[in-house]
Asker: 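Would you mind keeping the following structure in view while I ask a few things?
Letters A, B, ... are given to chains in the order of the sequence lines, protein chains preceding strands, and every chain is numbered from 1.
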Amino acid sequence: MPIRPVLQQIIAKCLLELGVAVVPEQVGLERPLRPEHGDWSTNAALVHAGRAGLAPRELAGRLAELLSVARVPHLESLEVAGPGFVNIHLQTNWLHDVLRDVVAQGEVSYAASDAGGGERVQIEFVSANPTGPLHVGNGWWGAYGDSLARVMQRCGYTVLREYYVNDTGGQITLLGESLLARRRGEEPPEGGYQGDYLAGLADEYAGPDEAAAAGRWASERILSGIVETLASISISFDEWYSQASVEESGAVEETVGILRAKGLVEEREGALWFRSSELGDSRDRVLVRSGGEPTYLGGDLAYHRDKFLVRGFDRVVDIFGADHHGQVASLKAGVEALGIEPERLEVLLGQMVSLVEGGKTGRMSKRAGNFVPLDDLVADIGPDAVRLLALNASLDQATNLDLDLVREQSMENPVYYVQYAHARIASMERVRREREIARIEITGCDLGVLKDARELDLLRRLEEFPDIVAEACAERAPHKVTAWVRRLAGAFHGFYHDCPVLALSGAGDPTSLALMQARLWLVEGARIGFAIALSLIGISAPEKM
RNA sequence: GCCCUCGUAGCUCAAUUGGAUAGAGCAGAUGACUUCUAAUCAUCAGGCUGCAGGUUCGAGUCCUGCCGAGGGCGCCA
């Protein structure tokens with residue numbers, strides 16, 4: 001049983017006695033950064049001083065008095081500090097309970113929750129046009145989306161990962177024209193695709209000399225390459241949804257019909273317009289061109305109608321690059337117009353990833369062919385390093401990736417720091433078996449002997465993990481798991497260095513044996529933490545390095 | 001011009017969504033392997049959180065205005 005909700009409940013009850021009504025979940029309770037501020041600290045007195053009609057420090061004093069007789073588990077001491085914090089110091093055995101909890105729940109259940117309550121969520125990400133190989137930016141947001149899916153699954157959501165395949169429209173025709181030009185040994189048309197990847201495809205293409213067919217053929221080939229690239233960094237999709245299929249199904253007409261019935265569509269200069277400016281968009285948008293072809297927005301609205309109203313997702317998360325932020329307002333307006341509560345659609349924007357090479361920063365363009373393929377980066381530094389790098393920063397952070405530096409530092413990459421910790425644990429386990437050292441049941445193990453600062457630090461990291469995962473989920477911020485696992489690795493390496501387990505001196509005497517057993521379980525607890533976190537961020541957990 | 005996002009150590013990024021003295025890694029300096037993996041550990045150095053106001057017990061975080069960077073403003077996607 002985690003201690004946080006227990007403390008929150010007790011504090012809420014004490015506040016009630018002081019004339020302040022709060023729900024336990026809203027009691028401010030945090031783990032202070034500085035150890036002298038205690039194991040836990042509440043700012044409740046600061047927040048509620050006004051309502052209680054008392055000065056913050058006075059309210060804090062009364063709160064502390066009540067808490068001292070409120071049967072706080074493992075309570076060591078209380079103090080009022082600073083402007084009115086109540087700091088709670090616990091006896092170290094509260095952390096030993098944590099270890100029992102970690103081991104009891106194990107890899108399957110520790111740091112899992114049912115916060116999502118089975119809500120059906122669709123996460124759409126990558127969705128890069130199949131007109132060329134994925135570039136590094138696609139990999140960045142791809143890793144983010146994939147890890148978000150894993151985190152949300154662990155928090156009780158039913159998640160479906162989807163890639164929207166833009167397999168129709170002018171760009172596919174343009175791709176076909178570029179391919180045919182290549183085959184004839186000519187320059188691609190104005191604004192066409194220049195990348196080298198087209199050369200190989202042009203040699204292979206044996207179909208008719210018709211742009212649409214050639215484009216469709218090429219985009220299928222390119223898409224299967226994209227599937228492989230994604231698989232190389234452990235990203236897979238449950239669904240590849242074709243834009244062409246949306247348009248061919250008549251869904252666009254149906255969607256337009258709904259909007260028309262609401263009086264939000266009108267004809268202007270031969271095209272059909274969506275009066276989105278009435279719903280917060282900066283201007284109106286065309287849904288169907290004068291030539292009868294739907295615009296991207298027309299297809300996209302039909303697609304989102306399909307997500308919510310046909311397939312019935314409770315919630316949809318779209319992860320776009322920041323260069324698509326211009327379409328967010330129209331999409332939101334459209335979704336609202338279709339009668340879907342706008343909060344059910346979350347659009348996350350990934351800031352741009354710019355690459356620096358040879359001291360020069362460059363913008364990637366698929367058409368100009370000067371982008372850096374994700375495949376190249378994976379080949380250079382390996383899939384685990386790519387994922388960790390991508391999941392190191394928040395989506396909001398525009399990243400500057402210096403390729404020279406990344407290659408140079410690939411052996412210094414933090415991924416090895418984390419994986420090495422896991423490998424060390426695996427190695428200890430091998431030695432333990434070799435020496436035929438049995439691990440006794442944890443129920444019969446005296447964990448009270450874990451008193452070293454290193455041991456307690458490791459326990460603290462494990463204790464906070466469930467909250468980290470819950471936060472990463474609620475804030476759609478899987479990079480928090482990365483930050484945590486790096487901290488766990490730091491705590492583990494420190495422990496490993498200072499606290500021998502199988503190499504304890506004085507082997508044989510009862511004190512050492514008891515300590516070894518307790519440390520074996522601590523190591524097992526750490527292993528569980530690494531295994532869960534590494535799988536959430538999609539990085540392998542090596543047994544040997 | 002209008003709109004969106006961002007600005008934190010030399011570099012790449014964090015920071016418990018408003019908490020107490022802003023933290024890691026890399027790069028730099030110095031030290032530690034006869035033990036379970038040194039891909040590790042320890043110590044030092046590094047900051048007016050772009051600038052100026054405001055809100056309050058308290059601001060890197062919220063509000064306003066500048067400055068700077070990126071992105072968007074198509075019957076492209």
Side-chain angles (χ1 to χ4, degrees), chain A residues 28-34 36-37 41 43 46-47 49-50 55-57 81-85 87 129 131 166 169-171 174 191 243 268-273 282-283 285-291 293-300 321-329 349 351-352 354 363 389 392-394 396-402 405-406 408-409 411-417 419-421 423-432 434-435 464 467-468 471 474-475 477 479-480 482-483 486-487 489-490 492-505 519 523 544-545:
Chain A
L29 186 67
E30 57 190 16
R31 302 169 182 83
L33 299 98
R34 312 185 68 78
E36 61 268 30
H37 292 155
S41 178
N43 63 354
L46 285 159
V47 175
R57 278 198 66 107
F85 293 102
N87 294 338
N129 296 344
T131 52
N166 295 295
Q171 50 165 353
L174 187 60
Q243 182 179 0
R268 260 184 246 163
E269 295 150 16
L272 273 186
W273 288 73
S282 55
R283 62 177 190 83
R285 310 280 171 174
V286 174
L287 289 175
V288 182
R289 286 180 260 256
S290 45
E293 289 276 298
T295 60
Y296 182 79
L297 178 65
D300 209 23
D323 53 340
H324 287 76
H325 95 90
Q327 68 200 61
V328 176
L349 294 177
Q351 291 303 306
M352 306 308 283
S354 33
R363 217 205 120 136
L389 230 39
N392 208 22
S394 95
D396 295 333
Q397 180 65 236
T399 40
N400 258 319
L401 192 65
D402 187 324
L405 212 57
V406 164
E408 192 180 302
Q409 291 180 354
M411 284 310 283
E412 303 293 327
N413 193 292
V415 73
Y416 300 110
Y417 185 76
Q419 290 181 318
Y420 187 49
R424 274 181 152 177
I425 292 174
S427 168
M428 289 170 80
E429 180 61 13
R430 284 192 297 271
V431 172
R432 184 182 73 80
E434 258 170 45
R435 299 190 189 169
E464 68 188 357
D467 283 353
I468 297 288
E471 255 176 58
E475 297 169 25
H479 71 284
K480 299 213 164 195
T482 313
R486 292 178 64 175
R487 265 183 281 145
F492 181 78
H493 286 308
F495 161 80
Y496 185 90
H497 188 263
D498 285 2
C499 302
V501 181
L502 301 167
L504 267 172
S505 59
R519 284 180 174 172
V523 170
K544 264 186 198 172
M545 281 175 74

Asker: Please state whether the phosphate of A39(B), meaning OP1 or OP2, lies under 4.0 angstrom from any side-chain nitrogen or oxygen of Y420(A).
Answerer: yes

Asker: Which pair of non-hydrogen atoms, one from A271(A) and one from V286(A), has the smallest distance, and what is that distance?
Answerer: CB-CG1, 4.1 Å

Asker: Please state the C1' separation for the pair G28(B) and A9(B) - nearest whole angstrom.
Answerer: 13 Å

Asker: In terms of the nearest nucleotide of RNA chain B, which residue is placed more toward the 5' end: L46(A) or R285(A)?
Answerer: L46(A)

Asker: Between U17(B) and C62(B), how far is it from one C1' atom to the other, in whole Å?
Answerer: 11 Å

Asker: Say we look at G58(B) and G18(B): how far apart would their C1' atoms be, to the nearest angstrom?
Answerer: 8 Å

Asker: Any side-chain N or O of R435(A) below 4.0 angstrom from OP1/OP2 of C36(B)?
Answerer: yes

Asker: With P as the reference atom in both, quote the distance from U8(B) to A15(B) in angstrom, rounded to an integer.
Answerer: 14 Å

Asker: So, does the side chain of N43(A) form a donor-acceptor pair with the base of G19(B) at under 3.5 Å?
Answerer: yes

Asker: Nearest to the R283(A) side chain among G74(B), A77(B), G19(B), which nucleotide is it?
Answerer: G74(B)

Asker: Give the rounded distance in Å between these two atoms: CG of N392(A) and P of C11(B).
Answerer: 17 Å

Asker: Select one nucleotide: of C41(B), A20(B), C57(B), the one nearest the side-chain heavy atoms of S41(A).
Answerer: A20(B)

Asker: Of the options C75(B), A20(B), G72(B), whose atoms approach the side-chain atoms of S290(A) most closely?
Answerer: C75(B)

Asker: Using a cut-off of less than 4.0 Å, is there contact between a side-chain N or O of S394(A) and OP1 or OP2 of A14(B)?
Answerer: yes

Asker: Could you state the atom-to-atom distance from CG of L389(A) to P of A14(B) in whole Å?
Answerer: 12 Å

Asker: Indicate whether OP1 or OP2 belonging to A77(B) is found under 4.0 Å from a side-chain N or O atom of R289(A).
Answerer: yes

Asker: Nearest whole Å is fine: how far is A38(B) C1' from Y496(A) OH?
Answerer: 10 Å

Asker: Between U30(B) and C36(B), how far apart are the P atoms? Round to whole Å, please.
Answerer: 30 Å

Asker: Output yes when at least one side-chain N/O atom of Q327(A) is less than 4.0 Å from OP1 or OP2 of A77(B), else no.
Answerer: no

Asker: Does a side-chain N or O from H479(A) land closer than 4.0 Å to OP1 or OP2 of A15(B), or not?
Answerer: yes

Asker: Go through C36(B), A20(B), C6(B) for me and flag the one nearest to the D396(A) side chain.
Answerer: C6(B)

Asker: Nearest of A20(B), G7(B), U40(B) to any side-chain atom of A81(A)?
Answerer: A20(B)

Asker: Look up atom CZ in F495(A) and atom CZ in R424(A), then write down how far apart they are to the nearest 0.5 Å.
Answerer: 11.0 Å

Asker: What integer number of Å spans the C1' atoms of A45(B) and G31(B)?
Answerer: 15 Å

Asker: Could you check which of A15(B), A38(B), C36(B) has an atom nearest any side-chain atom of V431(A)?
Answerer: C36(B)

Asker: Please examine the side chains of R486(A) and N392(A), heavy atoms only from C-beta on, and report whether any two atoms are closer than 4.5 Å.
Answerer: yes

Asker: Report the glycosidic orientation of U30(B): syn if within 90° of 0, anti in every other case.
Answerer: anti

Asker: Please report the distance separating the C1' of C67(B) from the corresponding atom of C51(B), rounded so that it comes out in whole Å.
Answerer: 7 Å

Asker: Take the protein atom CZ of R486(A) and the nucleotide atom C1' of C26(B), then report the distance between them rounded to whole Å.
Answerer: 10 Å

Asker: Would you mind telling me which of G72(B), A14(B), A32(B) lies closest to the side-chain atoms of A393(A)?
Answerer: A14(B)

Asker: Check the distance between C57(B)'s P and R57(A)'s CZ and give it to me in whole angstrom.
Answerer: 16 Å

Asker: Given A14(B), G19(B), C75(B), identify the nucleotide with an atom nearest to the side chain of V286(A).
Answerer: C75(B)

Asker: Would you please enumerate the stems RNA chain B participates in, each stem being three or more consecutive Watson-Crick or G-U wobble pairs with both distances under 3.5 Å?
Answerer: B:1-7 with B:67-73, B:10-13 with B:23-26, B:28-32 with B:40-44, B:50-54 with B:62-66

Asker: Go nucleotide by nucleotide along RNA chain B from the 5' end; which of V288(A) and P414(A) gets its closest nucleotide reached first?
Answerer: P414(A)

Asker: Heavy-atom distance under 4.5 Å between the side chains of L502(A) and E434(A), does that happen here?
Answerer: no

Asker: Nearest whole angstrom, please: distance from the C1' of C13(B) to the CZ of R487(A).
Answerer: 14 Å

Asker: Roughly how many Å is it from NE2 in H37(A) to P in U21(B), rounded to a whole number?
Answerer: 8 Å

Asker: The side chain of Q243(A) lies closest to which of these nucleotides: G71(B), G19(B), A77(B)?
Answerer: A77(B)

Asker: For G19(B), does either OP1 or OP2 sit under 4.0 Å from a side-chain N or O belonging to R34(A)?
Answerer: no

Asker: Could you check how far CD of Q351(A) sits from P of U8(B), rounded to whole Å?
Answerer: 14 Å

Asker: Looking only at atom P, what distance separates G47(B) and A22(B), rounded to whole Å?
Answerer: 13 Å

Asker: Working to the nearest 0.5 angstrom, can you tell me the gap between R285(A) CZ and T295(A) OG1?
Answerer: 10.0 Å

Asker: Would you say Y417(A) reaches C41(B)'s phosphate, i.e. side-chain N/O to OP1/OP2 under 4.0 Å?
Answerer: yes

Asker: Let's test your reading of the model: under 3.5 Å, does the base of A39(B) pair with the side chain of N413(A) as donor and acceptor?
Answerer: no

Asker: If you check every side-chain atom of H325(A), which of A32(B), G71(B), C75(B) has the closest atom?
Answerer: G71(B)

Asker: For residues N166(A) and Q171(A), is any side-chain donor paired with an opposing acceptor at under 3.5 Å?
Answerer: no

Asker: Going by heavy atoms in the side chains, are M352(A) and D323(A) under 4.5 Å from each other?
Answerer: yes

Asker: Nearest 0.5 angstrom please: R487(A) CZ to E464(A) CD, how far?
Answerer: 4.5 Å

